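What follows is one structure encoded as structure tokens, with my remarks underneath.
Predicted, not measured: the structure shown is a model, and the values here were computed from it.
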Amino acid sequence: MFLAYLDESGNTGARPDPDQPIHLIGCLLVEDSQVRPLEDALAEVVNRRFPLLCRRPGFELHAADLYGGSGWAKGVAPQVRIDTIGEIVDAVSRHSDSFSYFGVDKLRSFANAHPHRIAFQFLVENLEPYLQRKGALGLLVADENHEVSQNLIDDFAIFKEFATTWGYKSVKVQSIIDSVHFVQSHNNRIIQAVDMLTYFTLKGYRIGRRKIETFLALPQPRESYPVWLAANLSRSEQTVLEIKNKIALIPGIGSKIWP
């Protein structure tokens, strides 16, 4: 059996937002026998890196805090924060089956549905066949999201009884069991790790897309893209792309940003 841990990044609701154009759901798939080892590995990183901070009430691994040195991470040296992110990705890589992401570009979408519901259906349509090929069952564990929680539960019930309903393919859910189980992220270190993977995947994707658009607008003749990119990345952008590339080494079940 596999547990599929879900968290999102770029959530501004159904409202198109130029500052957060993409709504992304990350899905970390962990075999049941590896859940406890992953929890222990993440706890080891946190307890070693932040032995005092992690004892404070409400401590939570927020990717935005670690990246920006804000919240509880204010005052923590940048290299410590970067190394911690790398160690968390390494722990996930050792103990997980796959990491994938599914998203909606809100500025390009023509759909009226909440982007989280659309991305969730893409996720289900990829996860179900993957579990069938493995002959395994799966259970969905998601970060609490009051805005769409009941919608996802209702949608998933329809997917089980009939099939997925939106898009170009229809998948009947048989291997993903029960319902969508929502947890508060501060109580679940694996969900916190998924927050980190999803945050840096989206941030790196947006940096890459922005750089390509800038490069293609340059007049000819121009140097090759890799040479131009190396000369036009800030230190923070380079760090984000290095983290994104590290995450990309984790196998996936198929990722998608629509349209």
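Legend: salt bridge (charged side-chain N to carboxylate O under 4.0 Å, His left out) pairs involving residues 234-252, not counting sequence neighbours, sorted by first then second residue: Asp90-Lys246, Arg210-Glu237, Lys211-Glu237. Note on residues 197-209: pairs passing side-chain hydrogen bond (donor to acceptor under 3.5 Å, both in side chains), not counting sequence neighbours, are Asp105-Arg209. Pairs of residues two or more places apart, or lying in two chains, never qualify as ring pair (Phe, Tyr, Trp, His ring centres under 6.0 Å) while including a residue from residues 123-142.
Looking only at side-chain heavy atoms (C-beta outward), Thr239 and Phe200 stay at 4.5 Å or farther from each other. Under the 4.5 Å side-chain criterion, counting only non-hydrogen atoms from C-beta, Leu152 is in contact with Phe182. The side-chain heavy atoms of Ser109 and Trp258, taken from C-beta on, include a pair separated by under 4.5 Å. Within the 4.5 Å cutoff, the side chain of Ile177 has heavy atoms near those of the Met1 side chain. The shortest distance between side-chain heavy atoms of Leu137 and Leu131 does not fall below 4.5 Å. Within the 4.5 Å cutoff, the side chain of Gln121 has heavy atoms near those of the Phe159 side chain. Leu38 places none of its side-chain heavy atoms less than 4.5 Å from the side chain of Gln34. Counting only heavy atoms from C-beta outward, the side chains of Leu139 and Ile176 never approach each other to under 4.5 Å.
Every residue meeting the ring-ring contact (aromatic ring centres under 6.0 Å, His included) condition with Phe215, not counting sequence neighbours, appears here in chain and number order: Tyr225, Trp228.
Side chain of Lys256 to main chain of Phe122: no donor-acceptor pair is present (N/O by atom type, distance under 3.5 Å, no hydrogens or angles). Under the 3.5 Å distance criterion, the side-chain polar atoms of Thr164 are matched with a main-chain donor or acceptor of Val171. Ser98 contributes no side-chain N or O that, together with a main-chain N or O of Gly252, makes up a donor-acceptor pair within less than 3.5 Å. Remark: the backbone N or O of Ile190 is not paired with any side-chain donor or acceptor of Glu39 at under 3.5 angstrom. Looking at Lys106, its side chain does come within 3.5 Å of a backbone N or O of Gly10 through a donor-acceptor pair.
Within the model, atoms CZ of Phe102 and CZ of Phe120 stand 11.5 Å from one another, a figure rounded to the nearest 0.5 Å. To the nearest 0.5 Å, atom CD1 of residue Ile153 and atom OG of residue Ser179 are 4.5 Å apart. To the nearest 0.5 angstrom, Arg189 atom CZ is 8.0 Å from Leu42 atom CG. To the nearest 0.5 Å, atom OG of residue Ser100 and atom CG of residue Leu123 are 8.0 Å apart. Atom CD1 of residue Ile207 and atom CG of residue Leu202 lie 10.0 Å apart, to the nearest 0.5 angstrom. Atom CD1 of Ile253 sits about 10.5 Å away from atom CZ of Phe2, to the nearest 0.5 Å.
Considering Val30, Leu29, Leu3 in turn, Leu29 is the only one that fulfils the side-chain contact (heavy atoms from CB on, under 4.5 Å) rule with Asp97.
A 6.0 Å sphere centred on CZ of Arg36 holds no more than 12 heavy atoms belonging to other residues, nucleotides or ligands. In the displayed structure, Glu213 atom CD is contacted under 6.0 Å by more than 12 heavy atoms of other residues, nucleotides or ligands.
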Practice prompt. Before giving the answer on side chain to side chain contact (heavy atoms under 4.5 Å, CB included), spell out for Leu216 and Arg222 the whole-Å C-alpha distance, their side-chain angles and the decisive distance to 0.1 Å.
Written response: CA-CA 9 Å; Leu216 293 177; Arg222 59 192 178 212; 3.8 Å; yes
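The existence of a salt bridge linking Arg48 and Glu87 is confirmed by a sub-4.0 Å separation between a basic side-chain nitrogen and an acidic carboxylate oxygen. Using a cutoff of 4.0 Å between basic side-chain nitrogens and carboxylate oxygens, Arg117 and Asp155 are scored as salt-bridged.
Taking hydrophobic clusters as Ile, Leu, Val, Met, Phe, Trp and Tyr residues chained together by side-chain heavy-atom distances below 4.5 Å, Leu241 shares a cluster with Ile88. In the hydrophobic cluster analysis, where Ile, Leu, Val, Met, Phe, Trp and Tyr join through side-chain heavy atoms closer than 4.5 angstrom, Leu28 is grouped together with Ile191. One hydrophobic cluster, built from ILVMFWY side chains closer than 4.5 Å, cannot hold both Val35 and Leu127; they sit in different ones. In this structure, Ile85 is a member of the same hydrophobic cluster as Val80, with clusters built from ILVMFWY side-chain heavy atoms closer than 4.5 Å. A continuous path of ILVMFWY side-chain contacts below 4.5 Å connects Leu218 to Ile212, so both sit in one hydrophobic cluster.
Residue Thr165 comes nearest to Ala163 through the heavy atom pair CG2-O, 3.3 Å, listed as atom of the first residue, atom of the second, then distance. Contact between Ala91 and Ala41 at its shortest, heavy atoms only, is CB-CB, 3.9 Å. Between Val194 and Gly26, the shortest heavy-atom contact is CG1-O, 3.7 Å. Of all heavy-atom pairs spanning Ile118 and Ala111, the tightest one is CD1-CB, 3.6 Å.
You'll find the ring centres of Trp72 and Phe50 inside the 6.0 Å limit.
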Output side-chain donor-acceptor pairs under 3.5 Å for residues 52-70, partner residues at least two apart or in another chain, one line each.
| from | atom 1 | to | atom 2 | distance (Å) |
| --- | --- | --- | --- | --- |
| Glu60 | OE2 | Ser185 | OG | 2.4 |
| Asp65 | OD1 | Ser70 | OG | 3.1 |

Please table the atom pairs, donor to acceptor, closer than 3.5 Å between any side-chain atom in residues 18-25 and protein atoms at least two apart or in another chain.
| from | atom 1 | to | atom 2 | distance (Å) |
| --- | --- | --- | --- | --- |
| His23 | NE2 | His116 | ND1 | 2.8 |

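With hydrogens and angles left out, the side-chain atoms of Asn188 and Gln184 include no donor and acceptor closer than 3.5 Å. Asp83 and Gln79 share a side-chain donor-acceptor pair at under 3.5 Å.
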